[in-house]
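Just so you know, these numbers use all the heavy atoms, side chains as well, and skip hydrogens, waters and symmetry mates.
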Amino acid sequence: MDLRIQKTKTSIINAFIELRATKPIEKITITELSKLAMINKATFYKHYRDIYDLSESLEDEIIASILKSVPEPEKLLSDPYDLSKDIFRATLSQSQLIHTLFSGSRESYLIQKLDKQIKEVLFKKCPQYQNDLELKLQLTVLIQGGFHAFLEHGRIEQDRAIDILSRISECVIKNFK
């Protein structure tokens, strides 16, 4: 990628994160973002359709980064305890940025996107399970329920919460087999 384009995109992203840390996405205007990024509005629109397109792009990058740290997602079926721990820890490693981007009206998108992406990666590696409704439901309960539970209870004793939720994952998946 051209260095100028990369610098412009970095400037836009940094300005967005700075604004997003202090206000809801609905209150951020392209005008103020462009001013902070020291670009004109037309330059912004060369890269993104609107503020939500920018936000979704960054959200997708975070999800991809989390999943990259889990190189063998199919282990969710054979080793759910360790894989669950890996996913929780990968999420924690980006907690500040996650908290910034997925706050307010965007809060539920983290769990929805994780659920969707984990299933896509898993079913790409294990296509024989793609139409298995029981497994899909169990994965949704594990992913969405696990992350909701972690967000609700995991702030105090993170390691203990991760261990408990990973053991629950192990029980649910072993029950599937």
Can a donor-acceptor pair be found between the side chains of E170 and S166 at a distance below 3.5 Å? no
Flag yes if Y81 and I66 sit in one hydrophobic cluster, no otherwise; membership is Ile, Leu, Val, Met, Phe, Trp, Tyr, and two members link when side-chain heavy atoms are under 4.5 Å apart. no
Any chance you could lay out the side chain to side chain donor-acceptor pair (under 3.5 Å) test for S11 and N14, step after step, and finish with the verdict? CA-CA 5 Å; S11 181; N14 289 340; over 6 Å; no
Interatomic distance, [X] atom [atom1] to [Y] atom [atom2] [nearest 0.5 angstrom]:
X: F102; Y: I63; atom1: CZ; atom2: CD1; result: 4.5 Å
X: S169; Y: K174; atom1: OG; atom2: NZ; result: 12.0 Å
X: I12; Y: I39; atom1: CD1; atom2: CD1; result: 3.5 Å
X: K75; Y: L83; atom1: NZ; atom2: CG; result: 8.5 Å
X: I28; Y: L36; atom1: CD1; atom2: CG; result: 10.0 Å
X: L101; Y: S57; atom1: CG; atom2: OG; result: 10.0 Å

Those residues that, when tested against [X], pass side chain to side chain contact (heavy atoms under 4.5 Å, CB included) (two or more places apart):
X: D115; result: K119, T140, I143, Q144
X: D60; result: K113
X: K27; result: K23, P24
X: D50; result: Y52, D53

Excluding sequence neighbours, so at least two apart, what forms salt bridge (charged side-chain N to carboxylate O under 4.0 Å, His left out) with E74? none
Side-chain contact test, heavy atoms from C-beta onward, threshold under 4.5 Å: evaluate it for [X] versus [Y] and give yes or no.
X: Y45; Y: I30; answer: yes
X: F150; Y: L92; answer: yes
X: I13; Y: L54; answer: yes
X: L139; Y: I118; answer: no
X: L122; Y: Y129; answer: no
X: V172; Y: V141; answer: no
X: S34; Y: T43; answer: no
X: K46; Y: K9; answer: no

Report, as yes or no, whether the 6.0 Å neighbourhood of atom OH on Y48 holds more than 12 heavy atoms from other residues, nucleotides or ligands. yes
Where do D163 and R167 land on the salt bridge (Lys or Arg N to Asp or Glu O under 4.0 Å) test, with the steps shown first? CA-CA 6 Å; D163 179 62; R167 281 189 281 129; 3.1 Å; yes
Using a 4.5 Å side-chain heavy-atom cut-off and chaining through intermediate ILVMFWY residues, the residues clustered with L133 come out as L137
Run the numbers on L110 and E59 for side-chain contact (heavy atoms from CB on, under 4.5 Å), then give the verdict. CA-CA 8 Å; L110 171 66; E59 291 166 4; over 6 Å; no
Heavy-atom pair with the smallest gap, counting every atom of G146 and L165: O-CD1, 3.6 Å
H47 and T8: which non-hydrogen atoms are nearest, and at how many Å? NE2-CG2, 3.8 Å
Which pairs count as side chain to side chain donor-acceptor pair (under 3.5 Å) when at least one residue sits in residues 92-101, sequence neighbours excluded? S65-Q94
Tell me every residue that passes ring pair (Phe, Tyr, Trp, His ring centres under 6.0 Å) with F147, counting only those two or more places apart in sequence or in another chain. F88
Those residues at least two apart in sequence (or on a different chain) that pass ring pair (Phe, Tyr, Trp, His ring centres under 6.0 Å) with F123 are none
Do T91 side-chain atoms and I87 backbone N/O form a donor-acceptor pair below 3.5 Å? yes
Pairs in or reaching into residues 80-92: which pass salt bridge (Lys or Arg N to Asp or Glu O under 4.0 Å), with residues at least two apart or in two chains? R89-D159
Could you tell me which residues satisfy side chain to side chain donor-acceptor pair (under 3.5 Å) with Q130, sequence neighbours excluded, listed by chain and number? none
Check side chain to side chain donor-acceptor pair (under 3.5 Å) between E157 and all other residues, then give those that pass, not counting sequence neighbours. none
For a side-chain contact (heavy atoms from CB on, under 4.5 Å) check, start with the C-alpha distance between L77 and L135, then their side-chain angles and the critical distance, and finish with the verdict. CA-CA 10 Å; L77 301 176; L135 179 61; 3.7 Å; yes
